[in-house]
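Being a predicted model, the structure only gives us computed values, none of them experimental. We number each residue from 1, following the sequence as shown.
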Amino acid sequence: MEREGRAVRAASGELVTIGEFARLSRLSAKALRRYDELGLLRPALVDPVNGYRYYDPVQVEGARLVAWLRRIGMPLNRIGRVVALDAGAAAVEIRAYWARVEAETAARRDLAIYLVDHLSAEGRTMSRMPDNAENTGSPGSAGAVALAIRCAALTDIGVVRTANQDAAFAGPRLLAVADGFGEGGAEASAAAIEALKPSPWGRDGALSAADLLNALEDTADSAARAVRDAVAPCAAPDGSGTTLTAMLWTGSRLGLVHIGDSRAYLLRGGELFRITHDHSLVQSMIDDGSLSPEEASSHPGPALLLKALAGEARPGSVAVACRADVRLQEVLAGDRYLLCSDGLSAVVDAADLRAAVVAADDPQEAVRRLAGLAREAGGPDNVACVVADVVVEE
């Protein structure tokens with residue numbers, strides 16, 4: 001009866017042909033046929049004899065939404081989820097998608113800026129160097145100052161949580177914090193850091209900047225695979241994962257691997273600088289002016305991550321596995337670095353962080369002070385922190 005009713009409506013002109021619907025929706029007939037095959041935009045009626053497709057004019061708004069989402073580059077499988085939502089939920093999903101696009105674009109921009117600066121500096125050095133001169137400033141040469149790092153790590157369960165899903169590590173070649181989430185969060189954070197420990201990082205004098213960046217990419221990919229394997233036994237592996245902020249010491253530089261909303265800070269010249277960018281919905285709203293930093297601290301929405309290391313992605317996942325940001329960080333003797341999960345940065349303001357990092361005589365004292373500040377602020381979440389000093393090697 002329903003099919004007969006649609007046939008009557010088609011015959012009476014209430015339904016429109018695919019050509020007319022294409023004109024109304026600004027989608028090509030070819031695209032409409034493709035979306036029908038994918039189940040994304042079904043016609044109201046397909047003639048059983050000639051196969052002609054007919055559409056109800058009330059489908060135009062939905063079709064236009066599909067067209068607009070394709071125009072911003074959203075993948076078809078994600079569009080299918082968005083068009084099935086009510087208007088409010090669809091708006092949230094679109095904002096999250098676009099924020100992730102902007103975060104990934106920003107990461108590429110930062111890498112491009114680094115490469116321009118690096119190649120420009122390399123070009124200036126080569127133009128000043130006589131043909132018979134030796135480069136005495138490279139790591140390990142006679143004119144170079146040998147540097148090392150002294151570091152400490154600490155995790156704390158906090159006051160409210162009953163389990164600790166954060167992980168931290170500080171060693172002579174690796175500094176890392178990871179904040180797990182979901183059923184397999186503890187396993188994910190531990191696996192991400194364990195995957196970085198075997199990284200074959202030695203003195204970087206034998207490696208070019210390009211080789212170091214490639215090695216960082218490989219290291220980040222290893223961590224992503226380790227997390228996927230760790231959370232695979234979970235009932236919903238795509239709902240479990242971890243953030244990761246890690247720095248790998250090369251002997252004269254730090255290689256940064258970052259994904260999620262854990263953070264890295266640099267204390268230099270008495271000032272504390274944040275050197276990572278959160279991959280979160282709230283951060284994206286700060287970036288586009290929707291929220292001020294002050295408003296963000298009390299934003300009532302969930303802490304939605306736009307990028308994280310997670311299990312295999314499925315429809316409706318809370319986060320998807322994606323590529324981490326990587327870059328090289330030039331260091332100076334006297335630098336102090338802080339890596340921490342949002343269990344610290346979300347509850348302790350920047351001024352108090354700076355005061356604690358400045359006041360501590362050594363990294364061990366610094367991590368104890370920082371964990372204590374988080375507890376004093378209510379300790380609503382697990383805390384992971386690493387503090388490292390760059391020193392002249394004895």
Got a sec: does the CZ of Arg268 have more than 12 other heavy atoms crowding it under 6.0 Å?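 Yes, enclosed.
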
Step through the shown structure and confirm whether more than 12 heavy atoms of other residues, nucleotides or ligands are within 6.0 Å of OH on Tyr52. no

For [Y], is there any backbone N or O sitting under 3.5 Å from a side-chain donor or acceptor partner on [X]?
X: Gln165; Y: Gly182; value: yes
X: Arg53; Y: Thr17; value: no
X: Arg336; Y: Val358; value: no
X: Gln329; Y: Leu256; value: no
X: Asp56; Y: Gln59; value: no
X: Asp278; Y: Ser280; value: no
X: Thr243; Y: Gly260; value: no
X: Arg354; Y: Leu267; value: no
X: Glu271; Y: Leu266; value: no
X: Tyr97; Y: Arg78; value: no

Nearest-0.5 Å distance, SG of residue Cys151 to CG of residue Asp362: 11.5 Å

Report the C-alpha distance between Leu76 and Leu38 in whole Å, list the side-chain angles of each, state the deciding distance to 0.1 Å, and finish with yes or no for side chain to side chain contact (heavy atoms under 4.5 Å, CB included). CA-CA 9 Å; Leu76 289 173; Leu38 295 173; 3.4 Å; yes

Report yes if the side chains of [X] and [Y] come closer than 4.5 Å at any heavy-atom pair, otherwise no.
X: Asp261; Y: Leu305; result: yes
X: Leu45; Y: Tyr55; result: no
X: Val347; Y: Pro380; result: yes
X: Ile259; Y: Asp325; result: no
X: Asp342; Y: Asp179; result: yes
X: Gln283; Y: Leu281; result: no
X: Val82; Y: Leu69; result: yes
X: Leu332; Y: Asp335; result: yes

Polar side chain donor-acceptor pair, [X] to [Y], under 3.5 angstrom:
X: Arg253; Y: Thr250; value: no
X: Ser189; Y: Thr242; value: no
X: Arg263; Y: Tyr265; value: yes

I would like to know whether Arg368 and Glu365 meet salt bridge (Lys or Arg N to Asp or Glu O under 4.0 Å); could you show each step before the answer? CA-CA 5 Å; Arg368 288 197 298 266; Glu365 180 186 348; 5.8 Å; no

Should Phe21 and Leu32 be marked as a side chain to side chain contact (heavy atoms under 4.5 Å, CB included) after you check the CA-CA gap, both sets of side-chain angles, and the distance that decides it? CA-CA 9 Å; Phe21 192 74; Leu32 289 171; 3.8 Å; yes

Determine the sole option in Ile275, Leu196, Val177 for which the side chain to side chain contact (heavy atoms under 4.5 Å, CB included) test with Met247 is passed. Ile275

Please find the pair of heavy atoms, one from [X] and one from [Y], that lie closest to each other, and give the distance.
X: Ala384; Y: Asp166; value: N-OD2, 3.4 Å
X: Asn382; Y: Ser341; value: O-OG, 3.7 Å
X: Leu272; Y: Ala350; value: CD2-O, 4.3 Å
X: Pro57; Y: Val16; value: CG-CG1, 4.2 Å
X: Ala226; Y: Ala195; value: CB-CB, 3.7 Å
X: Ile149; Y: Gly171; value: CD1-O, 3.7 Å

Take Phe169 and Val386 through the side chain to side chain contact (heavy atoms under 4.5 Å, CB included) test and state the conclusion after the steps. CA-CA 7 Å; Phe169 180 83; Val386 168; over 6 Å; no

Do His258 and His279 make the cut of ring centroids closer than 6.0 angstrom?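 Aromatic pair counts; centres sit under 6.0 Å.
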
Evaluate Arg150 against Asp389 for salt bridge (Lys or Arg N to Asp or Glu O under 4.0 Å), listing each step before the verdict. CA-CA 5 Å; Arg150 294 175 182 165; Asp389 291 342; over 6 Å; no

Between Leu353 and Leu370, does the side chain to side chain contact (heavy atoms under 4.5 Å, CB included) criterion hold? Intermediate values first, please. CA-CA 7 Å; Leu353 281 181; Leu370 292 166; 3.7 Å; yes

Test salt bridge (Lys or Arg N to Asp or Glu O under 4.0 Å) on Arg323 and Asp221 and set out the steps. CA-CA 8 Å; Arg323 189 169 289 276; Asp221 290 344; 3.2 Å; yes

